[in-house]
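Just so it is clear: chains get the letters A, B, ... in the order the sequence lines come, proteins before strands, and each one is counted from 1.
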2 protein chains.
Amino acid sequence: MKTRDKIILASLELFNERGERNVTTNHIAAHLAISPGNLYYHFRNKSDIIYEIFLEYEKLVNYYLQIPDDRPLTLEDMMFYLESVFDGLWSYRFFHRDLEFLLDSDERLREDYRKFTSRCLDAIGQIFNGLADGGVIEAQPPELRSAMSLNVWLVVTNWMAFLKTAHGSDLSDQPSIHKLKQGIYQVLTLELPYLMPEYRETVLALRDKYRPELPETRSSRLLTSE
Amino acid sequence: MKTRDKIILASLELFNERGERNVTTNHIAAHLAISPGNLYYHFRNKSDIIYEIFLEYEKLVNYYLQIPDDRPLTLEDMMFYLESVFDGLWSYRFFHRDLEFLLDSDERLREDYRKFTSRCLDAIGQIFNGLADGGVIEAQPPELRSAMSLNVWLVVTNWMAFLKTAHGSDLSDQPSIHKLKQGIYQVLTLELPYLMPEYRETVLALRDKYRPELPETRSSRLLTSE
DNA sequence: TCAAACCTAGAGTATATACTCTAATCACAA
DNA sequence: TTGTGATTAGAGTATATACTCTAGGTTTGA
């Protein structure tokens, strides 16, 4: 693999593990056993590495969020989108963590991320429309649809952060891809009231598969009371 | 005012304005025109200042989230809680920004924040129960109630972050207490489907007051499409 | 085969940051 | 007045961090 790609990969890995704030360019170089000079030959600065990672994240999400507009959407479609989105969220989980700082220090990223958000909100809306066409959920006035989409976006993009802050310091209940997907449970909760009656049971059953397991972990205790 | 209190106040102000990551202890001292030595006479380290601020934040929220359990809740109660919570969120808006890093570097804060979250989720649940008792919203099975409360929490605590990332670099659409309160619109959106029919119109009207104004600002454009 | 382009090492630097240390000053009670 | 404890100034330090510079090695293609 090319050094440039190795740098991107190693950075993503370290960022995800330790948080962008705790990973320096020297760490990245050391991790790859290359010199700092070498790293800076390939990237002008740390922001450039992050920007490059963002572009890949964007590409991935754009790929999964191509919504067909020539046919209505099914429940399977919806679950596919949810699974894909949370997979992406896991792979690039560092990103939404220090987001505000990243955007503050890179104008280009700020602008691109704004557009990215906008496209995602749009895609969520389209999915809802497709599901309404497919008779899975009720039709809604566009204003409600937009507000709903935004709520879905908020829940999806911040579920990881919630997990991180909700668990204790012991490693036993550290976030994992499995726990992350409990976010799907939360998103389905948002959709419940708008389901057409004939889909209600099916979705409730689906949703139950993502329910946080009760055997008294800290994060599940949070969901009930302490 | 005592120097110690001045330090807390100035820190909060600077953190809110520039983000905790961009504010050093030297900045704080300089801002107050005191020496670093003086600052460190009053606080062992930066984390201690942050922890102290957290305690005040916690106190404020606890104060507003005392839910009466001897009477049902009204719509006015609910709006009071929402307004109060968003006011608090605004006053301590730096806090949820670099949250994960803060918790990583202070075990005590991590533990306290976990309990804080837990109490807040509980309070949200109690509010819903109270509103159900008051005939404002439908009764719900506890499992749905918990999931709903968690969604409200996610929307509330991350609305500020969304605003920050959604606006452009020009100052015109910078977050403000006014924009922050559009978060109330989002929360009310979550509640809409569970309202008792006789409250529906009233809440829709209330909600409309918090609706993002349309005159083509960037953030409102985000809410529709781009 | 040879030069140009590409890649890499590694020492080094300017700046920032959290924090320390000592000596001085202040407030105030005896 | 004087002594004592609380407060403050300000120079200073160890470490970290992003990034630079030079010199040398490696590939590639003509």
Side-chain angles (χ1 to χ4, degrees), chain A residues 1-54 94-95 97-110, chain B residues 1-54 94-95 97-110:
Chain A
M1 201 191 319
K2 292 211 178 266
T3 302
R4 191 189 148 85
D5 295 329
K6 279 198 227 165
I7 293 172
I8 294 179
L9 220 66
S11 301
L12 176 58
E13 189 186 326
L14 291 175
F15 289 161
N16 277 341
E17 260 171 34
R18 304 181 202 167
E20 177 272 340
R21 190 171 179 175
N22 299 314
V23 176
T24 73
T25 49
N26 292 349
H27 287 145
I28 299 168
H31 185 78
L32 286 170
I34 65 173
S35 64
N38 195 355
L39 187 147
Y40 277 92
Y41 171 77
H42 291 283
F43 293 93
R44 279 210 334 278
N45 51 42
K46 197 180 171 185
S47 275
D48 268 12
I49 302 179
I50 292 164
Y51 185 68
E52 216 60 38
I53 295 179
F54 165 71
F94 89 93
F95 190 72
R97 182 173 172 176
D98 268 309
L99 188 56
E100 288 187 47
F101 179 82
L102 299 180
L103 300 192
D104 270 355
S105 37
D106 187 346
E107 181 60 30
R108 185 183 41 164
L109 182 61
R110 159 173 288 284
Chain B
M1 199 191 320
K2 293 212 178 263
T3 302
R4 192 189 147 85
D5 295 328
K6 278 198 229 164
I7 293 172
I8 294 180
L9 221 64
S11 302
L12 176 58
E13 190 186 325
L14 291 175
F15 289 162
N16 277 340
E17 259 170 35
R18 304 181 203 168
E20 178 271 339
R21 190 170 179 175
N22 299 313
V23 175
T24 73
T25 49
N26 291 351
H27 287 146
I28 299 168
H31 185 78
L32 286 170
I34 66 174
S35 63
N38 194 356
L39 186 147
Y40 278 93
Y41 171 77
H42 291 283
F43 293 92
R44 280 211 335 278
N45 51 42
K46 197 179 171 186
S47 274
D48 268 12
I49 302 178
I50 292 164
Y51 185 69
E52 216 61 37
I53 295 179
F54 166 71
F94 90 94
F95 190 72
R97 182 174 171 176
D98 268 309
L99 188 56
E100 288 187 47
F101 180 82
L102 300 179
L103 300 192
D104 269 356
S105 38
D106 187 344
E107 180 61 30
R108 185 183 43 165
L109 182 62
R110 158 172 289 284

Using whole Å, report how far [atom1] of [X] lies from [atom2] of [N].
X	N	atom1	atom2	answer
A:H42	C:dC6	NE2	P	12 Å
B:K46	C:dT20	NZ	P	15 Å
B:L39	D:dT7	CG	P	14 Å
B:R4	D:dA6	CZ	C1'	14 Å
A:I7	C:dC7	CD1	P	11 Å
B:K6	D:dT8	NZ	C1'	12 Å
B:K2	C:dC26	NZ	P	17 Å
B:I50	C:dA18	CD1	C1'	12 Å

(request) Output, in order, the C-alpha distance, side-chain angles, deciding distance and verdict of side-chain contact (heavy atoms from CB on, under 4.5 Å) for A:D98 and B:D98. (result) CA-CA 7 Å; A:D98 268 309; B:D98 268 309; 3.3 Å; yes
(request) Give the nucleotide from the list C:dC7, D:dT7, D:dC19 with an atom nearest to the side chain of A:Y41. (result)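 For A:Y41, the side-chain atoms sit closest to C:dC7.
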(request) Hey, could you give me the CG/CD distance between A:L14 and A:E20, rounded to the nearest 0.5 Å? (result)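 If I round to the nearest 0.5 Å, the distance is 11.5 Å.
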(message) Working to the nearest 0.5 angstrom, can you tell me the gap between B:I7 CD1 and B:L12 CG?
(response)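 Here the interatomic distance stands at 13.5 Å.
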(message) Strictly below 4.0 Å: does A:Y40 bring a side-chain N or O up to OP1 or OP2 of D:dC19?
(response)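 Looking at the OP1 and OP2 atoms of D:dC19, one of them is under 4.0 Å from a side-chain N or O of A:Y40.
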(message) OP1 or OP2 of C:dA16 versus the side-chain N and O atoms of B:H27: is any pair under 4.0 Å?
(response)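 The answer is no; no side-chain N or O of B:H27 sits under 4.0 Å from OP1 or OP2.
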(request) For the residue pair A:F15 and A:F94, categorise the inter-ring angle as parallel (less than 30°), tilted (30 to 60°) or perpendicular (more than 60°). (result)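 A:F15 and A:F94: tilted rings.
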(message) Below 4.0 angstrom, which residues in residues 12-25 of chain B have at least one non-hydrogen atom near DNA chain D?
(response)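 Under 4.0 Å from DNA chain D: no residue of residues 12-25 of chain B.
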(message) With side-chain hydrogen bond (donor to acceptor under 3.5 Å, both in side chains) as the rule and sequence neighbours excluded, what pairs involving residues 25-37 of chain A come up?
(response)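 For residues 25-37 of chain A, and leaving out neighbouring residues, the side-chain hydrogen bond (donor to acceptor under 3.5 Å, both in side chains) pairs sorted by first residue read A:T24-A:H27, A:T25-A:Y40.
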(request) Could you name each residue pair satisfying side-chain hydrogen bond (donor to acceptor under 3.5 Å, both in side chains) that touches residues 1-13 of chain B, not counting sequence neighbours? (result)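 Qualifying pairs, neighbours excluded: B:R4-B:E52.
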(message) Under the criterion side-chain contact (heavy atoms from CB on, under 4.5 Å), I'd like the reasoning laid out for A:R21 against A:F101: C-alpha separation, chi angles, the key distance, then a yes or no.
(response) CA-CA 9 Å; A:R21 190 171 179 175; A:F101 179 82; over 6 Å; no
(request) Before accepting this row, confirm whether a basic side-chain N of the pair A:K46/A:D106 lies closer than 4.0 Å to the acidic partner's carboxylate O. (result)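 Looking at A:K46 and A:D106, the cut-off is not met.
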(message) Suppose we screen for side-chain hydrogen bond (donor to acceptor under 3.5 Å, both in side chains). Which residues come up paired with A:E107, at least two apart in sequence or across chains?
(response)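 Here the qualifying residues are B:S169.
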What's touching nucleotides 9-14 of chain C from the protein side, N or O pairs under 3.5 Å?
{"unit_1": "C:dA9", "atom_1": "OP2", "unit_2": "A:S35", "atom_2": "N", "d": "2.9"}
{"unit_1": "C:dA9", "atom_1": "OP2", "unit_2": "A:S35", "atom_2": "OG", "d": "3.3"}
{"unit_1": "C:dA9", "atom_1": "OP2", "unit_2": "A:N38", "atom_2": "ND2", "d": "3.1"}
{"unit_1": "C:dA9", "atom_1": "N7", "unit_2": "A:S35", "atom_2": "OG", "d": "3.0"}
{"unit_1": "C:dG10", "atom_1": "O6", "unit_2": "A:G37", "atom_2": "N", "d": "3.4"}

(request) Please give the angle, rounded to 10 degrees, between the axes at the start and the end of the helix from C:dT1-D:dA30 to C:dA30-D:dT1, where five pairs define each axis. (result)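 Answer rounded to 10°: the end axes differ by 10°.
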(message) Pair B:L39, B:L32 - check side-chain contact (heavy atoms from CB on, under 4.5 Å), show working.
(response) CA-CA 10 Å; B:L39 186 147; B:L32 286 170; over 6 Å; no
(message) Could you check whether any side-chain heavy atom of A:N16 comes within less than 4.5 Å of a side-chain heavy atom of A:R97, counting everything from C-beta outward?
(response)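 No - every pair of side-chain heavy atoms lies 4.5 Å or more apart.
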